[in-house]
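All ligand and atom numbering here is 1-based and tracks the order in the structure. Values below: all heavy atoms of this structure, side chains included; hydrogens, waters and symmetry mates excluded. By convention here, the first residue in the shown sequence is residue 1.
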Amino acid sequence: MSSTQPKQLPSRHLTTTSGDFCTSNPPEIRKQLRTYGLIPPVVESYEVQAQRCLKLLAMKTTPIEKYQYLTHLRATNVHLFYRLLSENVKELTPLIYTPTVGEACQRWSEIYTQPEGLYLSWHDRGNLRNILNNWPHDVEITVVTDGSRILGLGDLGINGMGIPVGKLALYIACAGIRPDATLPLTLDLGTNNKAFREDPLYMGSRMPKVTAEQEREFLDELMEALTDRWPGIVIQYEDFKNPFPALERYQNKYTMFNDDVQGTGAVIVGGFINAVKASGVPVKDHRAVFLGAGSAGVGVARQIVEFFMKEGLTEEEARRKFWFVDSNGLVTLDRGDKLAEHKVYFARDDNNGRQYQSLGRLIDFVQPTILMGLSTIGGAFNRDILQKMAALNQRPIIFPLSNPSSKSECTFEEAVRYTDGRALFASGSPFPSLEFAGKTLTPGQGNNMYVFPGIGQGAILSKASIITQDMIYASAESLSTSLNKQEVADGWLYPDIRRIREVSIIVARGVIRAAQKNGVDRATELRDLSDEQLDAYIKEHMYNPFNKRENIGDNVAQLLSTTNGMNGHTNGYVNGFVKNLESAHL
Ligand SMILES: NC(=O)C1=CN([C@@H]2O[C@H](COP(=O)(O)OP(=O)(O)OC[C@H]3O[C@@H](n4cnc5c(N)ncnc54)[C@H](O)[C@@H]3O)[C@@H](O)[C@H]2O)C=CC1
Ligand SMILES: CC(=O)C(=O)O
Ligand SMILES: [Mg+2]
């Protein structure tokens with residue numbers, strides 16, 4: 001190959017950067033890509049590449065430096081990044097997702113180096129459809145946020161982009177959505193974070209957040225534009241602050257779901273089914289206190305109501321098993337403030353005029369078997385609270401679910417210590433295993449990452465027209481059945497995160513079956529498949545960074561699209577490459 005022209009670099013290094021400079025590319029490919037000589041001479045195996053990546057990662061001293069390194073790796077060699085992530089999911093997830101993504105979002109504008117998603121601003125309204133044309137790929141799924149409630153960290157404006165980026169990385173690694181089929185999307189609708197508005201480095205609009213009514217108009221346009229540009233796209237809402245009308249408004253019209261309400265509800269029900277079994281207490285005797293009555297808290301309780309009803313309770317009996325505490329105390333009908341609409345369903349009317357402000361006093365009154373935290377108040381389950389739960393129950397169910405770790409209502413160590421190791425525990429962010437009374441105890445991670453990848457993949461493969469409540473509930477039930485014998489024997493509530501790809505197949509299968517039952521599947525040919533055949537179908541359609549074809553796919557696509565003399569007549573040649581490379585060491 002001779003050419004005087006320099007290699008034309010792809011203009012769009014977004015989520016699918018090819019790895020043109022990958023050290024595993026053999027000389028033939030390097031010549032075709034005109035990267036020959038630009039990469040050190042050795043042709044490396046994945047194992048050697050991974051060894052270097054892990055060494056480099058270990059050299060970074062803070063979580064945010066590790067986050068930045070992994071971001072760089074994803075941007076420069078997407079398949080290597082996802083292979084590394086898939087093989088080290090337990091170790092790397094906390095670095096690209098909660099808790100580290102929390103700090104990354106707080107500092108997004110400060111540490112920004114490259115584009116990773118799409119931003120749409122308030123002043124772009126009326127023109128959203130055109131802007132979507134700038135995204136260079138065919139999208140199957142998007143995660144969208146307006147940044148107004150990022151984890152438990154409050155309004156972070158466009159700095160919230162870390163969340164769609166992180167969630168979609170998990171979609172790719174955990175459920176095998178193709179990297180180039182994902183769109184991280186952040187709405188720049190102003191922010192009520194005054195410190196950000198005054199920060200010269202802040203990269204969003206410096207105006208207060210638009211009104212709920214204005215946001216609704218914007219979202220109406222966005223939903224139309226997204227489905228017009230990519231018919232069949234699955235749209236996941238993430239980290240929007242209440243009041244939040246979008247789920248009710250769009251769920252029967254678009255293929256969409258709200259992860260914080262529905263995904264969280266499903267993941268907690270999934271672990272909760274196992275916790276109830278392990279507690280030995282019959283369903284009818286459970287009582288739940290929830291600290292936090294926001295979109296996540298109420299979303300979780302709503303789905304537990306559904307579980308209780310499947311176990312034989314009436315809706316009224318199930319509803320009355322919940323006591324909610326928000327920033328004004330116990331949620332009651334006679335509290336004197338105007339309750340947000342989503343809280344009314346669970347508001348108590350049997351408090352005899354007493355308003356409980358303190359969680360401790362409410363626990364004495366209710367004598368709960370279950371304590372859930374979705375309050376954003378780190379440390380709220382203190383020693384006193386945990387000891388009360390231990391005194392009331394042989395196996396108290398304690399789920400501090402707020403993220404990131406700094407906002408967790410208690411740590412695993414505290415829960416173990418103050419309940420004598422008897423707590424049935426799951427937290428939103430990960431905590432390490434620990435030794436207690438001669439045994440290794442492993443905490444559950446009640447995080448929606450166990451279900452949203454399977455919900456999304458199930459919706460994509462079944463070509464669901466909408467995402468029904470049955471599909472969401474199916475993800476919870478499927479998750480609860482996904483533990484293997486050893487995990488069950490060890491008393492785990494959730495499966496080992498290292499098996500997340502297997503778990504996502506089980507979740508996706510449940511979601512597809514529910515879509516079929518509800519008649520919202522457009523891929524009706526999947527109805528005839530047995531469960532084994534359906535699992536095989538899902539697996540076959542998952543992006544697999546271990547697959548050699550994936551590793552060369554982008555390079556070949558580059559060859560086909562390159563403008564320097566190779567177009568058109570090179571197909572046979574390139575296909576020959578593919579064949580040769582099947583046996584090459586990549
Ligand atoms: N584990 C998981 O998978 C998930 C965890 N979450 C976490 O749940 C938390 C809440 O999320 P959302 O419900 O969406 O937020 P939200 O803002 O809608 O609700 C927060 C709730 O906490 C209450 N609260 C605030 N201060 C309080 C106090 N001092 N005492 C009692 N209650 C208080 C508020 O009144 C409100 O009801 C966040 O930290 C988020 O990271 C959310 C979704 C998924
Ligand atoms: C996990 C999640 O979605 C949240 O904390 O908001
Ligand atoms: Mg969320």
Nearest non-hydrogen contact with [atom] belongs to which option: [options]?
atom	options	answer
atom 1 (N) of ligand 1	S402, G263, G446	G446
atom 44 (C) of ligand 1	T264, V261, N447	T264
atom 38 (C) of ligand 1	T376, I377, V331, L359	T376
atom 35 (O) of ligand 1	S327, G292, A296, A380	S327

TODO: With heavy atoms only and a cut-off of under 4.0 Å, state how M449 meets ligand 1: side chain, backbone, both or neither.
DONE: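 None of M449 does.
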
Open item on the list: Side chain, backbone, both or neither: which applies to D259 and ligand 1 if a contact is any heavy-atom pair less than 4.0 Å apart?
Closed with: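 It is neither part, as no heavy atom is under 4.0 Å.
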
Which of the numbered atoms in ligand 1 are below 4.0 angstrom from a heavy atom of [X]?
X	value
G294	13 (O), 16 (P), 18 (O), 19 (O), 21 (C), 36 (C), 37 (O)
G152	38 (C), 39 (O), 41 (O)
A293	21 (C), 36 (C), 37 (O)
S375	22 (O), 24 (N), 25 (C), 26 (N)

Note every protein N or O atom lying under 3.5 Å from an N or O atom of ligand 2, pairing the names and giving the distance.
residue, atom, partner, partner atom, Å
ligand 2, 3 (O), K167, NZ, 2.9
ligand 2, 3 (O), E238, OE2, 3.0
ligand 2, 3 (O), D260, OD1, 3.1
ligand 2, 3 (O), N448, ND2, 3.0
ligand 2, 5 (O), N403, ND2, 2.8
ligand 2, 6 (O), R149, NH1, 3.0
ligand 2, 6 (O), D239, OD1, 2.9
ligand 2, 6 (O), D260, OD1, 3.0

Task: Angular separation of D239 OD1 and D260 OD1 about the Mg ion (ligand 3), given to 10° - done: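 It comes to 100°.
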
TODO: Classify the side-chain pair N193/T191 by whether it contains a donor and acceptor separated by less than 3.5 Å.
DONE: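 Looking only at side-chain atoms, T191 and N193 do not form any donor-acceptor pair under 3.5 Å.
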
Open item on the list: For the 3.5 Å polar cut-off, considering only N or O atoms, please tell me whether D260 and ligand 1 meet it.
Closed with: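 No; every N/O pair is 3.5 Å or more apart.
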
